[in-house]
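First up is the structure itself, then whatever we jot down about it.
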Amino acid sequence: MSEFAVEVRVVPRAGLLDPQGNAVEHALRSLDFKEVADVRVGRLIRLNVEAASAEAARERAEEMCRKLLANPVTEDFRVEVA
């Protein structure tokens, strides 16, 4: 078994309302960052996962996302294993 650093990025699905993203976009524009558009706010989750291989660590992290870390109805996730 080895330990793998895993990063999970979770963001609201495209087309769904993102109130936090809308608030950040509005705040940036009010600070004169007029070039900003379509802000989506998500979260980054870092994990250390013990597994037999990087692929096994990825599969476990994806399972964690489906069961807890992301809402599969409203959010998309991406798993990266280092």
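- Residues V81 and E7 have side chains not in contact (no heavy-atom distance under 4.5 Å, counting atoms from C-beta outward).
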message: Pair K34, V36 - check side-chain contact (heavy atoms from CB on, under 4.5 Å), show working.
response: CA-CA 5 Å; K34 305 293 186 199; V36 174; over 6 Å; no

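- Contacts of R29 classified as side-chain hydrogen bond (donor to acceptor under 3.5 Å, both in side chains), with partners at least two apart in sequence or in another chain: none.
- Between atom CD of residue E25 and atom OG of residue S30 there is a gap of 11.0 Å, rounded to the nearest 0.5 Å.
- Considering only residues two or more places apart in sequence or on other chains, N71 meets the side-chain contact (heavy atoms from CB on, under 4.5 Å) condition with V73, T74, E75.
- Note: the hydrophobic cluster containing V41 also contains L31 (ILVMFWY, side chain heavy atoms under 4.5 Å, direct or indirect links).
- L47 places a side-chain heavy atom less than 4.5 Å from the side chain of L69.
- In terms of the side-chain contact (heavy atoms from CB on, under 4.5 Å) criterion, residue partners of S53 (sequence neighbours excluded) are, by chain and number, E55, A56.
- With hydrogens and angles ignored, the 3.5 Å screen pairs no side-chain donor or acceptor of E50 with any backbone N or O of M1.
- Side-chain atoms of R46 do not come within 3.5 Å of backbone N or O of A5 as any donor-acceptor pair.
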side-chain contact (heavy atoms from CB on, under 4.5 Å) between R9 and R43, worked out: CA-CA 6 Å; R9 295 178 193 277; R43 59 190 180 279; over 6 Å; no

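- Residues forming a side-chain hydrogen bond (donor to acceptor under 3.5 Å, both in side chains) with R66 (at least two apart in sequence, or on another chain): none.
- Residues passing the side-chain hydrogen bond (donor to acceptor under 3.5 Å, both in side chains) test with D76 are R13, sequence neighbours excluded.
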field: E62/F77 under side-chain contact (heavy atoms from CB on, under 4.5 Å): CA gap, chis, key distance, verdict
entry: CA-CA 8 Å; E62 288 176 351; F77 64 85; 4.1 Å; yes

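- Using a 4.5 Å cut-off between side-chain heavy atoms of Ile, Leu, Val, Met, Phe, Trp and Tyr, with links allowed through other members, L68 and V8 fall into the same hydrophobic cluster.
- Counting only heavy atoms from C-beta outward, the side chains of V6 and V79 approach each other to under 4.5 Å.
- A distance of 8.5 Å separates CG of D32 from CD of E35, quoted to the nearest 0.5 Å.
- For the side-chain hydrogen bond (donor to acceptor under 3.5 Å, both in side chains) test, residues two or more places apart in sequence or in another chain that qualify with R60 are E63.
- No side-chain heavy atom of D18 sits less than 4.5 Å from a side-chain heavy atom of V39.
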